[in-house]
Amino acid sequence: MPDYSTKKFFDFNASGIIIGSGIISLAWAFLQFCIISRIPLQSEAVYDDESTFQRTEEVTKRLVAVYSAIFDGAESFLRAEYKACSIFVVIFFFVIYFVTSWAADWDWDRGLLTALSFLLGALTSMLSGYIGMEIAVYSNVRTTIAAQRPGYTQCFNVAFRAGSVMGFALSGLGLLMLYFTLLIYKTHYEDPNSWSDLTECITGFGLGGSVIALFGRVGGGIYTKAADVGADLVGKVIHGIPEDDPRNPAVIADNVGDNVGDVAGMGSDLFGSFAESTCAALVLGSSIGVSGGWDAMMFPLTVTAVGILVSIACSFLATNIYPVKTEPQIEKALKNQLISTSFVMTGLIYFVAEAFLPDEVPLTATIGTGIVYLRPWKAWACIASGTLGGLIIGLVTEYYTSHTYKPVRELADACKTGAATNLIYGIALGYKSAIIPVFVLAAVIMGSFSILDLFGVSLAAVGFLSNISTALAIDVYGPVCDNAGGIAEMAELEPFVRQKTDALDAAGNTTAAIGKGFAIGSAAVVSLALIGAFVSRIRELDRTHFQGGVNILEPVAFSFLLIGGMIPYAFAAMTMKSVGFAAMQMVREVQRQFDEKPHLLDDNPSEKPDYDACIEISTKASLSEMFYPGAVIISAPLITGFLFGVTAVSGLLVGSLVSSVQLAISMSNSGGAWDNAKKYIEKQPRNSELGGKGSEIHKAAVVGDTVGDPFKDTSGPSLNIVMKLMAVLSLVFADAFFAVNSGRGVFNLVPKVP
């Protein structure tokens, strides 16, 4: 009788799936780009009810001029930012090389491989951010042109495909870069018993991705919100001109910021999460390779590879099978992407686990001397918990940030009594929105740990990011639509075009909030997995003191837990103050131009604003301000580890994780809710209770939206990088920390256990 078991049925290896999926992902991204490029950069304005088109050369010239200004501004900023980041990367490359070599008894090969993986991770992160910026700017104007055509199908598809290019290009590039690095390193570590050293070296890849993500998120966030806040305060609140009005000197800088902050920053952020979750799973599961072989150890990458294929299949739901035809279908189509990929992945991963994992593999427990047995169904359960946990957090985020539901509508009503009550309600909404996600994260962590110890937690982190292509696609969709609306306003297109892009953007605000919630949730689990990998590594070096894990009641551990809990607040304060400082400069510049050129405010102005002056303010402010918060995050675990020891580092990381996740969720959701409350009021007629655009209620909502800008686009989303970066940095330098007084630091605070 023939054997139809899954292990016989799936007669191919992990390399074939991983490499094949990576290539397919890049090819799919290129195909989506080709479809977008078929839309000519030429205005197609609708002038009558029969939907006939009349080409307008003057409108086309304005579209091209705005597109070129945004492209030049975004590219010049990224070049300046990446130049500064490259200097840091080169310096830190040599720091990693020498310190890790010294910690490994001057093993120069190990130090070099760790430093090279750091360099590759940083370069891949920069390339991912640059690709995202390029495709976003390229697609923004084409989304505007498509919005001139009848219906919502074409303009939605352009924006969604732009997000898909970013999502699949990043996923394919990250997967291939990481796997080929592993294959090359495997030639040096041929013996399966030495693959634990291989995985230790590859942790630098995640560190490189996170370092660039931090600077990208902070620098891009300061840039975009300085311009956004300045444009809103002077333009909308003081002078009452519409959003994205071409008379506003800060309007180009505002639209540039959407691309360098929301797109490039988010791309680097999720690439870092993918790299770190995979590295943590490889470190914690390195012993699987001894009994199960290379394919079994590469299981986390196989999950990502399958996730790419699932995301490609499910993307047809939005563009072909159930195309968007009306405004209410927009948000539903995007939400269905997350739901469909999550459920398909949950079912499919069971067969992947059966195909690539041995029937049983013993793993050493993190605490004590027990043994945990890895079985395929256990791996599936952990990954499924992460995948479904991410979905739940995304849906909860949607509930609290979409104006379809009660919380945002209550927030809009709060604007009736002024900006103060709007701010009070918005902050309360953010705090409340953290409750369910925290319970979900706790359940995922507790469940996966009880099944497979910390390796189970790392698999849950991989599960969170299993549909990363889809998560990125729906996140990038938002800023593309936002820019499309700005271009429509600046090019002075028909009002119905702006109405369409606003409808797309309102859904995009919600999906961007979902993406941020997804990224924060995954970052929390990834961070815990990295902390577990750090503790496991220290335990391998000292089985006496760390046999039972880290004792949180030790004075050093608990003291640094409190310090770690403070760091996210210090970081948020620094980044918000940086936005405020840059915004004040922007406000002064915009007001100066209005004072010196009073005819700018005429309905048909005879003078032109100086856009370049505002772009220069945002660029200089972001580049000068982004390094101070980054220096705090990078130096904190290094100073703690070398001076106070590994027990102090453990407390620091746990405190930072617990504090960051809740602060990040509340800040991101408050900002998203304020933004959509403003948009909800703008949709109302002038004679309604909410007064519509231009009313005093609307001005109160604009104040809330302005306060929420650094909440949701600078400080909030940057906090998920804080917890990941501190953890992966500690993992990379774990041996070096231990080399100082056997892990007790320069001050030798923890007594040696006999």
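Residue pairs meeting the side-chain hydrogen bond (donor to acceptor under 3.5 Å, both in side chains) criterion with at least one partner in residues 418-428, sequence neighbours excluded, are Thr417-Thr421, Asn422-Trp674. Residue pairs meeting the salt bridge (Lys or Arg N to Asp or Glu O under 4.0 Å) criterion with at least one partner in residues 413-436, sequence neighbours excluded, are Asp413-Lys416, Lys416-Glu689. Residue pairs meeting the salt bridge (Lys or Arg N to Asp or Glu O under 4.0 Å) criterion with at least one partner in residues 316-333, sequence neighbours excluded, are Glu327-Lys683.
Under the 3.5 Å distance criterion, the side-chain polar atoms of Asp482 are left unmatched by any main-chain donor or acceptor of Asp505. Not a single donor-acceptor pair under 3.5 Å links the side chain of Ser402 to the backbone N or O of Tyr399. Judged by distance alone, with hydrogens and angles left aside, the side-chain atoms of Ser139 form no donor-acceptor pair with the main-chain N or O of Ala136 at under 3.5 Å. Panel note: side chain Lys500, backbone Ala147; a donor-acceptor pair is recorded below 3.5 Å. In this structure, the side chain of Thr144 engages the main chain of Ala484 through a donor-acceptor pair within 3.5 Å. Without hydrogens or angle criteria, Lys335 side chain to Leu395 main chain gives no donor-acceptor distance under 3.5 Å. A donor-acceptor pair under 3.5 Å is absent between the side-chain atoms of Glu489 and the main chain of Gly485, judged by distance alone. Without hydrogens or angle criteria, Asn720 side chain to Pro717 main chain gives a donor-acceptor distance under 3.5 Å. Between the side chain of Tyr477 and the backbone N or O of Leu504, at least one donor-acceptor pair lies under 3.5 Å. Here the side chain of Glu398 pairs no donor or acceptor atom with the backbone of Gly394 at under 3.5 angstrom.
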Note to self: Run Lys225 and Asp228 through salt bridge (Lys or Arg N to Asp or Glu O under 4.0 Å) and show every step you take.
What the structure shows: CA-CA 5 Å; Lys225 292 306 112 179; Asp228 199 355; 3.0 Å; yes

Check: Taking it one step at a time, do Met490 and Asn255 satisfy side-chain contact (heavy atoms from CB on, under 4.5 Å)?
Finding: CA-CA 11 Å; Met490 286 184 281; Asn255 283 275; 3.4 Å; yes

Note to self: With side-chain contact (heavy atoms from CB on, under 4.5 Å) as the criterion, how do Ser433 and Ile665 come out once you've worked through the C-alpha distance, each side chain's angles and the decisive distance to 0.1 Å?
What the structure shows: CA-CA 7 Å; Ser433 70; Ile665 292 172; 4.1 Å; yes

Notebook entry, point to check: Are Val324 and Phe160 close enough, and set up right, to give a side-chain contact (heavy atoms from CB on, under 4.5 Å), and what steps lead you there?
Noted result: CA-CA 11 Å; Val324 171; Phe160 180 75; over 6 Å; no

Next item on the list: Please assess Val702 against Lys678 for the test side-chain contact (heavy atoms from CB on, under 4.5 Å), listing each intermediate value before the final yes or no.
Entry: CA-CA 6 Å; Val702 170; Lys678 179 201 69 174; 4.2 Å; yes

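Rounding to the nearest 0.5 Å gives a distance of 8.0 Å between CZ of Phe316 and CD1 of Ile321. Note that the CG atom of Asp709 and the OG1 atom of Thr714 stand 8.0 Å from one another [nearest 0.5 Å]. Taking CZ of Phe594 as the reference point, atom NE2 of His599 lies at 14.0 Å (rounded to 0.5 Å). Note: Ser522 OG to Ile393 CD1 = 8.5 Å, rounded to the nearest 0.5 Å. With rounding to the nearest 0.5 angstrom, the OG atom of Ser688 is 7.5 Å from the CD1 atom of Ile697. Between the NZ atom in Lys597 and the CG atom in Asp610 there is a gap of 5.5 Å [rounded to 0.5 Å].
A heavy-atom distance below 4.5 Å is found between the side chains of Leu391 and Leu338. For the pair Pro609/Asn248, no side-chain contact is recorded, criterion being any heavy-atom separation below 4.5 Å from C-beta on. Looking at heavy atoms from C-beta onward, Val59 lies in side-chain contact with Arg62 at the 4.5 angstrom threshold. The shortest distance between side-chain heavy atoms of Tyr322 and Asn336 does not fall below 4.5 Å. Between Met667 and Lys712 there is no side-chain heavy-atom pair separated by less than 4.5 Å. A heavy-atom distance below 4.5 Å is found between the side chains of Tyr223 and Ile615. Two residues are said to be in side-chain contact when any heavy atoms from C-beta on lie closer than 4.5 Å; Thr501 and Arg498 meet this criterion. When side chains are defined from C-beta on, Thr60 does not count as touching Leu41, because their heavy atoms never get closer than 4.5 Å.
Contact record, Val263 with Met133: CG1-N, 4.0 Å, taken as the closest heavy-atom pair. The two residues Thr387 and Ser342 make their nearest non-hydrogen contact at CG2-O, 3.6 Å. When all heavy atoms of Leu690 and Ile681 are compared, the closest pair comes out as O-CG2, 3.7 Å. Nearest heavy-atom pair, Ser670 versus Gly430, reported as atom, atom and distance to 0.1 Å: OG-CA, 3.1 Å. Closest heavy-atom contact between Ile474 and Ala471: CG1-O, 3.4 Å. Closest of all the heavy-atom pairs between Val256 and Ile70 is CG2-O, 3.6 Å.
One finds no salt bridge joining Lys679 and Glu682 here, because no Lys/Arg side-chain nitrogen approaches an Asp/Glu carboxylate oxygen to under 4.0 Å. At a threshold of 4.0 Å, the pair Glu696-Lys699 counts as salt-bridged, since one of the basic side-chain nitrogens sits closer than that to a carboxylate oxygen.
Using modelled atom types and a 3.5 Å distance limit, the side chains of Glu589 and Gln593 yield a donor-acceptor pair. In the model, Asn140 has a side-chain atom that pairs as donor or acceptor with a side-chain atom of Asn259 under 3.5 Å. One side chain, Ser715 or Thr575, offers a donor N or O that lies under 3.5 Å from an acceptor on the other. With hydrogens and angles left out, the side-chain atoms of Thr470 and Ser311 include a donor and acceptor closer than 3.5 Å.
Atom CZ of Phe581 has 12 or fewer neighbouring heavy atoms from other residues, nucleotides or ligands inside a 6.0 Å radius.
Shown are Pro629, Ser718, Ser622; of these, the side-chain contact (heavy atoms from CB on, under 4.5 Å) with Ile222 is made only by Ser622.
Not less than 6.0 angstrom separates the ring centroid of Phe71 from the ring centroid of Tyr138.
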